[in-house]
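Notes to accompany the following structure.
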Amino acid sequence: MLEPDIRPESDFRERVWAFVRSVPPGKVVTYGQVAAMLGYPFAARAVGSVLHHTPTHAKVPCQRVVNRWGRLAPTYGDGGAEQHRMELLADGVEVRPDFTVDLKIYQWWPEITSEG
DNA sequence: ATGCTGACAGGAG
DNA sequence: ACTCCTGCCAGCA
């Protein structure tokens, strides 16, 4: 597990990209989860907006970000959910014909509250 | 600074 | 599990 540059002095977008890049292949996270990790439990919408504006040179695996129900992005890149599914399959994530992912299997957590 | 938009999330039927 | 309305936040004109 790497340590992303999730710093408050950085811009919101940079924090989002940094966190998303910390997501390992074969795993996915929800917009709300990312937002919560950044300190904004209700900024899920902002996270989605940021990812939508994510430049190609950002090298960000936005494919590993789905909604709370594991739903893929309907307007992902130019191919929409179609392309999103391809990217997920490439990472080893199985996507249902409904364009949904089983979060209980692929959802990833950066830090588990296992302090004991 | 104000108003509108969007790859969200939660509650109710 | 899906649909409709509401609340939150960041980005852009």
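Here is the naming used below: chain letters follow the sequence lines, and residue numbers restart at 1 for every chain.
In this entry the distance linking CZ of Phe99(A) with C1' of dA1(C) reads 17 Å, nearest Å. Put simply, CD on Gln33(A) is 19 Å from P on dC9(C), counting in whole angstrom units. Rounded to an integer number of Å, the gap from Trp17(A) CH2 to dA10(C) C1' is 12 Å. One atom, CH2 of Trp69(A), and another, C1' of dC2(C), lie 8 Å apart when rounded to the nearest Å. Taking atom CE on Met37(A) and atom P on dC9(C), their separation rounds to 18 Å, with Å as the unit. The distance from atom CG of Asp78(A) to atom P of dA7(B) is 13 Å, rounded to the nearest whole Å. A straight line from OH of Tyr76(A) to P of dC8(B) spans 14 Å, rounded to a whole angstrom. Note: CZ (Arg15(A)) to C1' (dG11(C)) measures 14 Å, nearest angstrom.
Comparing dG7(C), dA9(B), dA10(C) by their closest approach to the side chain of Arg45(A) singles out dG7(C). The listed nucleotides are dA1(C), dA9(B), dG11(C); the one nearest the side chain of Phe12(A) is dG11(C). The Arg13(A) side chain lies nearest to dG11(C) when the options are dC9(C), dG11(C), dC8(B). Of the listed nucleotides (dC8(B), dA10(C), dC8(C)), dC8(C) has the atom at the smallest distance from the side chain of Phe42(A).
At a threshold of 4.5 Å between non-hydrogen side-chain atoms, the residues Pro24(A) and Lys27(A) count as touching. Inter-residue side-chain proximity for Thr30(A) and Val65(A) is flagged as unmet; no heavy-atom pair is nearer than 4.5 Å. Side-chain contact between Pro61(A) and Val20(A) is present, with at least one heavy-atom pair separated by less than 4.5 Å. Counting heavy atoms from C-beta on, the side chains of Trp108(A) and Arg64(A) never come closer than 4.5 Å.
Aromatic ring orientation, Tyr40(A) versus Phe12(A): perpendicular (interplanar angle above 60°, classes split at 30° and 60°).
Within residues 49-68 of chain A, no residue has any heavy atom under 4.0 Å from DNA chain C.
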Check the pair Gln107(A), Gln33(A) against side-chain hydrogen bond (donor to acceptor under 3.5 Å, both in side chains), reporting the backbone distance first and the verdict last.
-> CA-CA 10 Å; Gln107(A) 186 170 18; Gln33(A) 185 177 345; 3.1 Å; yes

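A single hydrophobic cluster is not seen to contain both Leu88(A) and Tyr76(A); linkage of ILVMFWY side chains at heavy-atom distances under 4.5 Å, directly or through other members, places them apart.
Contacts of Ala46(A) with the nucleic acid, taken as non-hydrogen atoms under 4.0 Å apart, include base atoms.
Judged by atom type and distance alone, Tyr31(A) reaches the base of dA7(B) through a side-chain donor-acceptor pair under 3.5 Å.
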